[in-house]
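Worksheet: one structure, shown below.
Not measured: the values here are computed from a predicted model.
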Amino acid sequence: MRSNKILGIVFPNVHDELMGELTERRSMGSVPFCGRYRLIDFSLSNLVNAGISTVGIVTKYNYQSLMDHIGTGKAWDLDRKSGGLFFLPPYSNNDAKIYKGHLDGLAGAMHFLKSSKLEYVVLCDADVISNFDLSDMINKHIESGADATIAYKKGKMPLNHHDVMAFTLDGDKITDITFAAPEQKDCNFSLDIIVMAREKLIEIVKYGYEHNLTSLSRDIFQKAYNDLDMRGYEVTSYAAVMDSPESYARITAEVVGNADIRKQLFLRERPVFTKIRDDMPTLYGLDSAVKNSLIADGCVIEGTVINSVLFRGVKVGKGAVVENSIVMQDSVVMENSEVQYVTLDKKVTVDAGKTLRGTSIYPIYVRKGANV
């Protein structure tokens, strides 16, 4: 694959509004996941594992946490003299504004697109959990000569995500695009991972800017699918789209409870890179019990943890029970407390003897730094 000809662009704020309090103070891309990762780690790792070494991140708002996590891009080998990582914030030029859609966001990053000498662009969102061979998708796009190639998954469309494209296909050629599919029925839904020629993308973005268009999927792809040669690329391995706090808890539970899904996501040949935090090994007390859980380093567990995810530095006191829950970095569940179907954000303290109990359908969320 001619990876030196590919530019990556990531949208970390895509559909923040769907995630409720999880994205109240952070972007979608910086939402913690599975003990040590952020959602954007999967997008960045897919790009880097495909040999892409120039990546632009089109930020919108609430991106301080994202910048703290990514830094110079060293964890993804993107701290380079040639190429590397670029943050593309709003108001970076006189015409830029807070964008409403992908097309709008790319218009704000037009200088970055025009100044690049790379031949192709990969666009991707930060709300997709997947690890697939992106290089194969890029190669097939180049071989086909298509205007756009879009990754899709066969399955049930995300229920709360109203901008997901559903495809009708003839072979790999997209023949129709809709934005609705019957609930509980399988369809070919977009993962919003798109490969295009850079010059073609610039042409489309210019057209969108001149006609006050904001959505790449609705305003361009759906209306012009007869005029554009668009191909679909099926992702057959595990892929999931975050579209609500409930989906966050459900997808986490799927990863925790299914070893086959973990094997598809965390591959030795295509690792998921993330920011490194050195910490001591997790300490387990004499009376502790842990079952079917993902435990990061730096934890101290003296109670019981079942079907849960503990991020770095979490403490579970004696007699405490954490079950079917997500406990983020440096949170504390004190002695004789009970936490079930709960997401505790960073640095939350659950006082001794307290009980927090949600359900699989309605998990409880406790915001960062709270004391319960």
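Two residues are said to be in side-chain contact when any heavy atoms from C-beta on lie closer than 4.5 Å; Thr343 and Met328 meet this criterion. Here the side chains of Leu88 and Ile57 are not in contact, with every heavy-atom distance at 4.5 Å or above. Looking only at side-chain heavy atoms (C-beta outward), Asp297 and Met280 stay at 4.5 Å or farther from each other. You'll find the side chain of Lys354 stays beyond 4.5 Å of the side chain of Leu356, heavy atoms only. Proximity of Ile52 to Tyr120: side-chain heavy atoms (C-beta onward) are nowhere separated by under 4.5 Å. Contact annotation: the side chain of Leu85 never approaches that of Asp79 to less than 4.5 Å [non-hydrogen atoms, C-beta and beyond]. A 4.5 Å side-chain heavy-atom check between Thr236 and Phe132 finds every atom pair outside the cut-off. Annotation: side chain of Tyr248 is in contact with side chain of Leu22 (closest heavy-atom distance under 4.5 Å).
Ring geometry, Phe86 versus Phe112: the interplanar angle falls from 30° to 60°, so the pair is classed tilted.
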For this session: Assess whether salt bridge (charged side-chain N to carboxylate O under 4.0 Å, His left out) is satisfied between Asp186 and Lys154, documenting all intermediate values.
Result: CA-CA 6 Å; Asp186 288 351; Lys154 285 186 178 179; over 6 Å; no
Exercise. Run the side chain to side chain contact (heavy atoms under 4.5 Å, CB included) check on Val272 and Asn46 step by step: do they pass?
Worked result: CA-CA 8 Å; Val272 180; Asn46 277 336; over 6 Å; no
For this session: List the steps and the verdict of side chain to side chain contact (heavy atoms under 4.5 Å, CB included) for Leu66 and Arg26.
Result: CA-CA 7 Å; Leu66 186 75; Arg26 59 166 71 95; over 6 Å; no
Problem set entry | side chain to side chain donor-acceptor pair (under 3.5 Å) assessment of Asp41 paired with Ser45 | CA-CA 6 Å; Asp41 293 343; Ser45 297; over 6 Å; no
Problem set entry | Steps toward salt bridge (charged side-chain N to carboxylate O under 4.0 Å, His left out) verdict (Glu203, Lys206) | CA-CA 5 Å; Glu203 175 189 325; Lys206 282 183 177 178; over 6 Å; no
For this session: Report the C-alpha separation of Val195 and Ile150 in whole Å, then their side-chain angles, then the decisive distance to 0.1 Å, and conclude whether the side chain to side chain contact (heavy atoms under 4.5 Å, CB included) test is met.
Result: CA-CA 7 Å; Val195 184; Ile150 308 173; over 6 Å; no
For this session: Evaluate side chain to side chain contact (heavy atoms under 4.5 Å, CB included) for Val327 paired with Val322, printing each intermediate quantity in order.
Result: CA-CA 9 Å; Val327 185; Val322 176; 3.9 Å; yes
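The closest side-chain donor-acceptor pair between Ser27 and Asn62, if any, does not fall under 3.5 angstrom. Checked by atom type, the side-chain pair Tyr233/Asp136 shows a donor-acceptor distance below 3.5 Å. A donor-acceptor contact under 3.5 angstrom links the side chains of Tyr365 and Asp345, judged on distance only. Remark: the Asn160 side chain and the His15 side chain contain no N/O donor-acceptor pair separated by less than 3.5 Å.
Looking at Asp127, its side chain never comes within 3.5 Å of a backbone N or O of Met28 through a donor-acceptor pair. In this structure, Ser325 contributes its side chain and Tyr341 its backbone to a donor-acceptor pair below 3.5 Å. Side-chain atoms of Gln222 come within 3.5 Å of backbone atoms of Ile177 as a donor-acceptor pair (strictly under, hydrogens ignored). Using modelled atom types, no side-chain atom of Thr349 and backbone atom of Asn371 make a donor-acceptor pair closer than 3.5 Å. Ser130 places no side-chain N or O within donor-acceptor distance of the main-chain N or O of Ala239, the cut-off being under 3.5 Å. Ser337 places a side-chain N or O within donor-acceptor distance of the main-chain N or O of Asp351, the cut-off being under 3.5 Å. One N or O on the side chain of Arg262 and one on the backbone of Val255 form a donor-acceptor pair closer than 3.5 Å. Using a distance-only test at 3.5 Å, with no hydrogens or angles considered, no donor-acceptor pair links the side chain of Ser135 to the main chain of Ala50.
Counting all heavy atoms, side chain and backbone alike, Pro32 lies closest to Phe311 at CB-CE2, 3.4 Å. Looking at every heavy atom in both residues, Pro12 comes nearest to Val10 through CD-O, 3.3 Å. Lys200 and Leu228 get closest at one heavy-atom pair: CE-CD2, 3.8 Å. Looking at every heavy atom in both residues, Ser116 comes nearest to Leu118 through OG-N, 3.1 Å. Among all heavy-atom pairs drawn from His141 and Ser144, the shortest one is O-OG, 2.9 Å. In terms of heavy-atom proximity, Gly208 sits nearest to Leu103 at CA-CD2, 3.7 Å.
A salt bridge does not link Lys140 to Glu143: none of the charged side-chain nitrogens sits closer than 4.0 Å to a carboxylate oxygen. A salt bridge between Glu24 and Arg367 is present, with a side-chain N of the basic residue lying under 4.0 Å from a carboxylate O of the acidic one. Ionic pairing of Glu254 and Arg250 is present here: one or more N-O contacts between side-chain nitrogen and carboxylate oxygen are shorter than 4.0 angstrom.
Under the salt bridge (Lys or Arg N to Asp or Glu O under 4.0 Å) criterion, Lys173 pairs with Asp229, not counting sequence neighbours. For Asp192, the side-chain hydrogen bond (donor to acceptor under 3.5 Å, both in side chains) partners two or more places apart in sequence, or in a different chain, are Ser190. Taking Phe87 as the reference, nothing meets the ring pair (Phe, Tyr, Trp, His ring centres under 6.0 Å) condition, with sequence neighbours excluded.
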Which atom pairs, one a donor and one an acceptor, fall under 3.5 Å between side chains of residues 33-40 and the rest of the protein, sequence neighbours left out?
residue	atom	partner	partner atom	Å
Arg38	NH1	Ser30	O	2.7
Arg38	NH1	Ser65	OG	3.3

Show me, pair by pair, the donor-acceptor contacts under 3.5 angstrom made by side chains of residues 298-306, not counting sequence neighbours?
none

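Other residues, nucleotides and ligands contribute over 12 non-hydrogen atoms within 6.0 Å of the CG atom of Asp260. Atom CZ of Phe266 sits in a crowded spot, with more than 12 heavy atoms from other residues, nucleotides or ligands closer than 6.0 Å.
If you take CD on Gln264 and CG on Asn258, they are separated by 8.0 Å, rounding to the nearest 0.5 Å. To the nearest 0.5 angstrom, Leu191 atom CG is 8.0 Å from Lys153 atom NZ. Put simply, CZ on Phe167 and CG on Asp172 are 12.0 Å apart, with the number rounded to the nearest 0.5 Å. The structure places CD1 of Ile70 at 10.5 Å from NZ of Lys275, a figure rounded to the nearest 0.5 Å. Distance check: Ile9 CD1 to Asp125 CG gives 12.0 Å after rounding to the nearest 0.5 Å. Interatomic distance, Ile220 CD1 to Met230 CE, rounded to the nearest 0.5 Å: 10.0 Å.
Sorted by first and then second residue, the side-chain hydrogen bond (donor to acceptor under 3.5 Å, both in side chains) pairs involving residues 277-292 (not counting sequence neighbours) are Arg277-Asp279, Arg277-Asp330, Asn292-Asn307.
Each of Val122, Asn139, Asn49 was compared with Leu134 under the side chain to side chain contact (heavy atoms under 4.5 Å, CB included) criterion, and only Val122 meets it.
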